[in-house]
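Throughout, a chain's letter reflects where its sequence line sits, starting with A, and its residues are numbered from 1.
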Amino acid sequence: MKNIYYFSKKEFLESWRTSKLFIVMIFFLILGIMNPLIAILTPDIIEISFGGALPVNIPEPSSLDSWGQFYQSMTQMGLIVITLLFSGTMSGEVSKGTLVNLVTKGLKRSTVVISKSIYLILQWTLCMFLAFFVTWVYTLYYFTDDNSPHVFLAVLPLWIFGILLVTAILLTSTISRNSYEGLLLTGGFVVLLFIVNIFDKLKHYNPITLTSENINFLQGTSSLGNYMPAMLISISLSLLFLYLSIVILNKKKL
Amino acid sequence: MNIIEVKNVSKSFGSKQVLDGLHLGVPTGSIFGFVGGNGAGKTTTMKLILGLEETTRGDIFVGGEKVTFGNTKTNRITGYLSDVPEFYPYMSAEEYLTFCGEITGLKKAEQKQRIKETLALVGLEGNKKRIKGFSRGMKQRLGIAQAMLNNPELLICDEPTSALDPEGRNEFLELLASLKGKMTILFSTHILGDVERICDYVGILDEGKLKVSSSIEELKQTYAKPQIELFFDEVANFSALAAELNALKEQGVITEVEKINKRNQVIISYNKDYAETAAALLESLIAKKTMPISLRKMNPSLESIFLEVIQ
């Protein structure tokens with residue numbers, strides 16, 4: 001247990017000293033600031049772009065637009081940045097040989113996997129909630145409507161999907177020889193989830209829906225309970241990915 | 001008693017067999033030189049002992065406990081220095097050793113003391129630079145420090161002197177020699193002089209098989225040919241000399257003659273008593289008025305033994 005703490009501490013030190021933590025925090029902070037700002041500016045941008053040629057009236061922006069922007073930017077940019085930054089987390093250690101000194105001192109390989117997963121989940125949580133709270137504060141400041149009653153409930157599925165994604169990154173990074181292979185495999189996993197989404201019957205079981213139904217959860221038009229299978233499957237898959245990462249790393253040549 | 005027992009171990013990478021039924025025993029408390037050419041299987045053997053590679057066949061025991069691939073418990077008593085040790089470049093030497101100490105389970109006070117001692121031992125005390133700014137030699141020295149941090153019972157060093165300059169190599173060999181009796185050291189190299197200087201046991205690995213494993217003294221007694229080296233000046237009559245030496249060979253005084261023309265050097269092998277052979281040799285040379293500049297009894301070198309063993 002102590003070694004999990006020491007190795008996780010090393011992961012955070014690495015993140016800090018290599019400026020990864022700084023970059024990712026700044027990035028998510030900007031995302032958080034941009035969400036309500038884009039919601040406010042979008043009508044003006046459209047009007048400037050189309051002038052009087054636009055046949056319809058653009059409605060006044062609301063908190064829903066701000067949160068819509070949050071979920072869009074988190075899934076389209078936030079998750080991609082996380083994947084890009086951490087796709088070499090395990091393959092880098094194995095290919096450089098930095099684990100050799102530690103494993104030959106008796107460090108269990110399972111400790112490495114668990115510590116890295118703790119670090120990745122905490123990093124994702126930190127990033128997501130930074131963007132979330134910044135968006136929340138600015139949305140409250142700019143928009144006084146009550147169109148978005150379930151703010152915390154709506155973000156929960158996204159957080160769970162993020163956990164699934166970072167454990168998938170850990171697994172693919174353990175399987176692969178370099179970060180590019182890891183990226184490709186993680187991309188393949190996400191594409192697979194999108195393909196499964198074609199089948200309407202599987203909608204409530206597919207983890208990817210946790211990133212697409214958030215506005216409905218926010219408004220209360222869709223019940224979170226209906227997507228409980230998708231959340232449970234995401235958590236189960238995360239645990240499976242962790243287990244597989246340990247099994248694969250145990251068999252890996254260092 | 002042996003701290004390492006390698007029993008009938010084979011290792012293949014695809015169709016290439018690197019080790020073939022290897023048997024090896026490393027006596028507890030010894031400095032064991034593991035010698036072999038490039039690709040002989042030294043590094044593979046060490047990685048198998050550390051559980052970093054999986055054996056194709058056979059078993060390995062460290063401290064009486066079986067080594068298992070992946071997570072071997074035997075590593076708690078080992079320290080390992082690889083040929084090119086890798087570290088986290090964003091840490092300083094002290095931070096890295098602190099991390100290693102934490103992983104190894106050293107208590108805080110002991111950890112602090114050991115870090116201070118090992119850094120002083122390898123000449124990195126007070127160095128606050130990050131590892132990314134270290135030279136290869138400095139990294140090698142940090143590698144030694146991390147391997148010795150927890151006072152391991154068994155220290156495994158894979159070609160540790162290959163990246164060091166002559167001064168660093170000398171210091172490192174002295175350091176290893178000073179550890180004699182404190183821990184068992186398995187030390188692989190292809191620099192035979194290093195083995196001869198500090199090791200008390202040697203194993204010669206060739207084409208995946210252990211050709212020889214014994215103490216250096218035993219090895220010299222078994223394999224070394226008694227030889228005499230003669231030097232002549234440039235005006236010596238070498239054809240007359242060759243005839244005379246052939247005559248001595250036929251009489252059974254000497255067994256073999258090897259001439260190295262460019263250096264006017266002749267090496268003579270014999271199997272009788274040195275004094276008797278040297279006297280007969282000098283007598284014969286005086287009679288032919290071919291006096292050598294020097295005559296020297298050659299001490300058997302590990303290099304000549306190695307070449308003979310792998311032939």
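Annotation: A/M231, atom CE; neighbour count of heavy atoms from other residues, nucleotides and ligands within 6.0 Å is above 12. Heavy-atom neighbours of B/Q17 CD from other residues, nucleotides or ligands within 6.0 Å: above the threshold of 12. Around the CZ atom of A/F194, the shell of radius 6.0 Å holds no more than 12 heavy atoms that belong to other residues, nucleotides or ligands. Open room surrounds OH on A/Y243; 12 or fewer heavy atoms of other groups in view lie less than 6.0 Å from it. The 12-atom threshold is not exceeded at OH of A/Y138, counting heavy atoms of other residues, nucleotides or ligands nearer than 6.0 Å.
To the nearest 0.5 Å, atoms CG (A/L102) and CG (B/N75) are separated by 11.5 Å. Atom-to-atom distance recorded for A/T98:OG1 and B/F87:CZ is 11.0 Å, nearest 0.5 angstrom.
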Apply side-chain contact (heavy atoms from CB on, under 4.5 Å) to the pair B/M91 and A/L13, showing each step before the final yes or no. CA-CA 9 Å; B/M91 287 184 184; A/L13 181 73; 4.1 Å; yes
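The side chain to side chain contact (heavy atoms under 4.5 Å, CB included) with B/L50 is formed by just one residue from the set A/V100, A/T104, A/L254; it is A/T104.
B/R130 places a side-chain heavy atom less than 4.5 Å from the side chain of A/R17.
Heavy atoms of B/K73 lying under 4.5 Å from chain A are absent altogether. Interface residue A/T18: only side-chain heavy atoms are found under 4.5 Å from chain B.
Side chains of B/Y90 and A/E14: a donor-acceptor N/O pair is present below 3.5 angstrom, by distance only.
When all heavy atoms of B/Q146 and A/N101 are compared, the pair lying nearest together is NE2-OD1, 3.4 Å. Pairing each heavy atom of B/L52 with each of A/V103, the nearest pair is CD2-CG1, 4.2 Å.
For the pair A/K251 and B/F69, the NZ or CZ position fails the cation-pi test of under 6.0 Å to the six-membered ring centre and within 45 degrees of the ring normal.
Among the residues in residues 95-120 of chain B, those with a non-hydrogen atom closer than 4.5 angstrom to a non-hydrogen atom of chain A are B/E95, B/Y96, B/F99, B/C100, B/E102, B/I103, B/T104.
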